[in-house]
Amino acid sequence: MKIKDAEIISLMQNPRTQEKGVRALMDAYQSRLYWHIRRIIVDGDLAQDTLQETFIKAYQNFHQFKNDSQLYTWLYRIATNEALQQVNKMKKMQKTDEDPEYYMQNLVADNTEGDAEEIQLLLQNAIQSLPEKQKLVFMMRYYDDLPYEEISKIVDMSVGTLKTNYHYAKQKIEEYIKENYER
(Lines give C-alpha, C1' and ligand atoms only; values in the text may rest on other atoms or scores of the structure.)
Protein backbone atom coordinates (compact mmCIF):
# COMPACT_ATOMS: atom_id res chain seq x y z
CA MET A 1 0.00 0.00 0.00
CA LYS A 2 1.44 3.30 -1.08
CA ILE A 3 1.09 6.19 1.32
CA LYS A 4 -0.01 9.53 -0.11
CA ASP A 5 1.84 12.81 0.28
CA ALA A 6 -0.97 14.27 2.40
CA GLU A 7 -0.57 11.41 4.89
CA ILE A 8 3.22 11.81 4.99
CA ILE A 9 2.89 15.55 5.55
CA SER A 10 0.38 14.98 8.34
CA LEU A 11 2.67 12.44 10.03
CA MET A 12 5.70 14.73 9.70
CA GLN A 13 3.88 17.72 11.20
CA ASN A 14 2.90 15.86 14.37
CA PRO A 15 5.82 15.40 16.81
CA ARG A 16 4.35 12.07 18.03
CA THR A 17 4.23 10.55 14.54
CA GLN A 18 7.22 12.30 13.00
CA GLU A 19 9.43 9.19 13.11
CA LYS A 20 6.78 7.18 11.24
CA GLY A 21 6.51 10.08 8.79
CA VAL A 22 10.25 10.01 8.09
CA ARG A 23 10.11 6.28 7.38
CA ALA A 24 7.12 6.80 5.07
CA LEU A 25 8.93 9.66 3.32
CA MET A 26 11.99 7.50 2.77
CA ASP A 27 9.95 4.52 1.57
CA ALA A 28 8.06 6.70 -0.90
CA TYR A 29 10.97 8.64 -2.38
CA GLN A 30 14.25 6.87 -1.65
CA SER A 31 14.66 5.12 -4.99
CA ARG A 32 13.71 8.08 -7.21
CA LEU A 33 15.93 10.49 -5.29
CA TYR A 34 18.84 8.05 -5.24
CA TRP A 35 18.87 7.71 -9.02
CA HIS A 36 18.56 11.46 -9.47
CA ILE A 37 21.54 12.01 -7.15
CA ARG A 38 23.44 9.14 -8.77
CA ARG A 39 23.23 10.77 -12.21
CA ILE A 40 24.80 13.91 -10.77
CA ILE A 41 27.45 12.28 -8.61
CA VAL A 42 28.14 8.93 -10.44
CA ASP A 43 29.83 7.25 -7.43
CA GLY A 44 27.30 4.92 -5.78
CA ASP A 45 28.60 5.19 -2.21
CA LEU A 46 28.80 8.97 -2.36
CA ALA A 47 25.32 9.09 -3.88
CA GLN A 48 24.01 6.97 -0.99
CA ASP A 49 25.65 9.30 1.53
CA THR A 50 24.14 12.29 -0.24
CA LEU A 51 20.72 10.64 -0.17
CA GLN A 52 21.03 10.21 3.59
CA GLU A 53 22.02 13.87 3.92
CA THR A 54 18.97 14.79 1.84
CA PHE A 55 16.62 13.00 4.22
CA ILE A 56 18.36 14.49 7.25
CA LYS A 57 17.94 18.00 5.78
CA ALA A 58 14.30 17.25 4.92
CA TYR A 59 13.67 16.10 8.50
CA GLN A 60 15.45 19.08 10.06
CA ASN A 61 13.76 21.61 7.79
CA PHE A 62 10.32 20.09 7.35
CA HIS A 63 8.81 23.06 9.16
CA GLN A 64 9.85 25.13 6.13
CA PHE A 65 7.86 22.98 3.70
CA LYS A 66 4.95 24.94 2.32
CA ASN A 67 2.21 23.12 0.50
CA ASP A 68 2.68 25.41 -2.52
CA SER A 69 4.58 22.64 -4.34
CA GLN A 70 4.51 18.88 -4.38
CA LEU A 71 6.44 17.09 -1.66
CA TYR A 72 8.60 15.42 -4.30
CA THR A 73 9.50 18.77 -5.85
CA TRP A 74 10.66 20.04 -2.47
CA LEU A 75 12.69 16.87 -1.80
CA TYR A 76 14.11 16.96 -5.32
CA ARG A 77 15.38 20.46 -4.72
CA ILE A 78 17.06 19.45 -1.45
CA ALA A 79 18.62 16.41 -3.16
CA THR A 80 19.83 18.54 -6.06
CA ASN A 81 21.44 21.07 -3.73
CA GLU A 82 23.10 18.34 -1.66
CA ALA A 83 24.42 16.62 -4.80
CA LEU A 84 25.78 19.87 -6.20
CA GLN A 85 27.55 20.57 -2.90
CA GLN A 86 29.20 17.15 -3.17
CA VAL A 87 30.22 17.84 -6.77
CA ASN A 88 31.79 21.13 -5.69
CA LYS A 89 33.71 19.35 -2.91
CA MET A 90 34.95 16.78 -5.44
CA LYS A 91 36.09 19.52 -7.82
CA LYS A 92 38.17 21.10 -5.08
CA MET A 93 40.07 17.86 -4.57
CA GLN A 94 42.93 16.97 -6.88
CA LYS A 95 42.24 14.62 -9.75
CA THR A 96 42.70 11.07 -8.60
CA ASP A 97 41.73 7.65 -9.82
CA GLU A 98 38.40 8.12 -8.06
CA ASP A 99 37.57 11.35 -9.89
CA PRO A 100 34.36 10.84 -11.95
CA GLU A 101 35.77 12.32 -15.16
CA TYR A 102 38.94 10.24 -14.93
CA TYR A 103 36.85 7.17 -14.17
CA MET A 104 34.54 7.76 -17.16
CA GLN A 105 37.47 8.36 -19.52
CA ASN A 106 39.04 5.07 -18.46
CA LEU A 107 35.76 3.22 -18.92
CA VAL A 108 35.43 4.57 -22.43
CA ALA A 109 39.06 3.70 -23.25
CA ASP A 110 38.72 0.16 -21.86
CA ASN A 111 35.35 -0.55 -23.47
CA THR A 112 35.42 -3.25 -26.13
CA GLU A 113 31.95 -4.73 -25.65
CA GLY A 114 30.11 -3.07 -28.49
CA ASP A 115 28.77 0.13 -29.94
CA ALA A 116 25.71 0.51 -27.71
CA GLU A 117 27.72 0.25 -24.53
CA GLU A 118 30.38 2.59 -25.91
CA ILE A 119 27.79 5.20 -26.85
CA GLN A 120 26.20 4.90 -23.41
CA LEU A 121 29.57 5.50 -21.79
CA LEU A 122 30.24 8.40 -24.12
CA LEU A 123 26.86 9.84 -23.18
CA GLN A 124 27.74 9.66 -19.48
CA ASN A 125 31.13 11.23 -20.12
CA ALA A 126 29.54 13.96 -22.24
CA ILE A 127 27.02 14.73 -19.50
CA GLN A 128 29.79 14.97 -16.91
CA SER A 129 31.60 17.51 -19.10
CA LEU A 130 28.64 19.91 -19.24
CA PRO A 131 28.49 23.07 -17.13
CA GLU A 132 26.55 22.42 -13.89
CA LYS A 133 23.30 24.16 -14.87
CA GLN A 134 23.14 22.45 -18.26
CA LYS A 135 23.98 19.08 -16.70
CA LEU A 136 21.26 19.45 -14.11
CA VAL A 137 18.58 20.56 -16.56
CA PHE A 138 19.53 17.86 -19.06
CA MET A 139 19.39 15.07 -16.48
CA MET A 140 16.06 16.18 -15.02
CA ARG A 141 14.51 16.48 -18.46
CA TYR A 142 16.15 13.51 -20.20
CA TYR A 143 16.26 10.91 -17.42
CA ASP A 144 13.42 11.96 -15.14
CA ASP A 145 11.21 13.36 -17.92
CA LEU A 146 10.17 16.25 -15.69
CA PRO A 147 8.20 19.08 -17.28
CA TYR A 148 9.99 22.40 -17.53
CA GLU A 149 7.57 23.93 -15.03
CA GLU A 150 8.60 21.40 -12.33
CA ILE A 151 12.29 21.85 -13.12
CA SER A 152 11.76 25.60 -12.87
CA LYS A 153 10.49 25.24 -9.30
CA ILE A 154 13.33 22.91 -8.35
CA VAL A 155 16.23 24.97 -9.67
CA ASP A 156 14.59 28.40 -9.36
CA MET A 157 15.12 29.33 -13.00
CA SER A 158 12.72 30.59 -15.67
CA VAL A 159 11.25 28.09 -18.14
CA GLY A 160 12.81 29.98 -21.06
CA THR A 161 16.27 29.76 -19.51
CA LEU A 162 15.74 26.05 -18.82
CA LYS A 163 14.79 25.38 -22.43
CA THR A 164 17.87 27.23 -23.62
CA ASN A 165 20.12 25.29 -21.23
CA TYR A 166 18.57 21.99 -22.34
CA HIS A 167 19.02 22.88 -26.02
CA TYR A 168 22.69 23.78 -25.54
CA ALA A 169 23.28 20.66 -23.45
CA LYS A 170 21.83 18.45 -26.20
CA GLN A 171 24.01 20.15 -28.80
CA LYS A 172 27.17 19.73 -26.73
CA ILE A 173 26.40 16.08 -26.01
CA GLU A 174 25.78 15.33 -29.69
CA GLU A 175 29.03 17.06 -30.67
CA TYR A 176 30.95 15.23 -27.94
CA ILE A 177 29.68 11.83 -29.04
CA LYS A 178 30.34 12.56 -32.73
CA GLU A 179 33.88 13.69 -31.97
CA ASN A 180 34.72 10.80 -29.65
CA TYR A 181 32.87 7.86 -31.18
CA GLU A 182 35.20 5.44 -32.91
CA ARG A 183 33.68 2.90 -35.27
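- When every heavy atom of Lys133 is checked against every heavy atom of Asn165, the shortest pair comes out as CB-OD1, 4.3 Å.
- Contact record, Thr54 with Leu75: CG2-O, 4.1 Å, taken as the closest heavy-atom pair.
- Under a hydrophobic-cluster definition in which Ile, Leu, Val, Met, Phe, Trp and Tyr are linked whenever side-chain heavy atoms come within less than 4.5 Å, directly or via other members, Ile56 and Ile37 are assigned to different clusters.
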Go through the steps for Trp35 and Asp144 under the test side chain to side chain contact (heavy atoms under 4.5 Å, CB included), then give the verdict. CA-CA 9 Å; Trp35 287 108; Asp144 297 327; over 6 Å; no
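- Separating the OH atom in Tyr34 from the CD1 atom in Ile41 is a distance of 9.5 Å, to the nearest 0.5 Å.
- Between Ile9 atom CD1 and Leu71 atom CG the span is 5.0 Å, to the nearest 0.5 Å.
- One distance of note links CD of Glu82 with CD of Gln52; it measures 11.5 Å at 0.5 Å rounding.
- Judged by distance alone, with hydrogens and angles left aside, the side-chain atoms of Ser10 form no donor-acceptor pair with the main-chain N or O of Ala6 at under 3.5 Å.
- A salt bridge is defined here as a Lys NZ or Arg NE, NH1 or NH2 lying under 4.0 Å from an Asp or Glu carboxylate O, and Lys172 with Glu175 fails to meet this definition.
- Screening Tyr143, Tyr76, Tyr142 for a ring pair (Phe, Tyr, Trp, His ring centres under 6.0 Å) with His36, the sole residue that qualifies is Tyr76.
- A single hydrophobic cluster is not seen to contain both Met140 and Tyr168; linkage of ILVMFWY side chains at heavy-atom distances under 4.5 Å, directly or through other members, places them apart.
- A donor-acceptor contact shorter than 3.5 Å is absent between the side chain of Ser152 and the backbone of Tyr148.
- Listed here is the closest heavy atom pair of Gly21 and Ile8: O-CG2, 4.0 Å.
- For Arg23 and Glu19, the salt-bridge test passes: some basic side-chain N is under 4.0 Å from an acidic carboxylate O.
- Counting heavy atoms of neighbouring residues, nucleotides and ligands inside a 6.0 Å radius, atom OH of Tyr166 exceeds 12 of them.
- You'll find the side chain of Gln18 reaches within 4.5 Å of the side chain of Tyr59, heavy atoms only.
- Here CG of Leu130 is found 11.5 Å from CD of Gln171. Values are rounded to the nearest 0.5 Å.
- Within a 6.0 Å sphere centred on CZ of Phe65, other residues, nucleotides and ligands contribute more than 12 heavy atoms.
- Annotation for Arg39 and Met139: closest pair O-SD, 3.0 Å, computed over non-hydrogen atoms.
- Put simply, the side chain of Arg141 gets close to the backbone of Leu146: a donor and an acceptor are under 3.5 Å apart.
- Under a 3.5 Å cut-off, the side chain of Asp43 and the backbone N or O of Leu46 do form a donor-acceptor pair.
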Under the side chain to side chain contact (heavy atoms under 4.5 Å, CB included) rule, what do Val22 and Phe62 come out as? Steps first, then yes or no, please. CA-CA 10 Å; Val22 170; Phe62 197 80; over 6 Å; no
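- A donor-acceptor distance shorter than 3.5 angstrom exists from the side chain of Ser158 to the backbone of Thr161, with no hydrogens or angles considered.
- For the atom pair Asn125 CG and Tyr176 OH, the distance stands at 3.0 Å (nearest 0.5 Å).
- The minimum heavy-atom distance linking Ile78 with Lys57 is given by the pair CG2-CB, 3.8 Å.
- To the nearest 0.5 angstrom, Ile154 atom CD1 is 10.5 Å from Asn81 atom CG.
- Among all heavy-atom pairs drawn from Ala83 and Thr50, the shortest one is N-CG2, 3.6 Å.
- Contact of the Trp74 side chain with the Asp68 side chain is not registered, since no non-hydrogen atoms from C-beta on lie closer than 4.5 Å.
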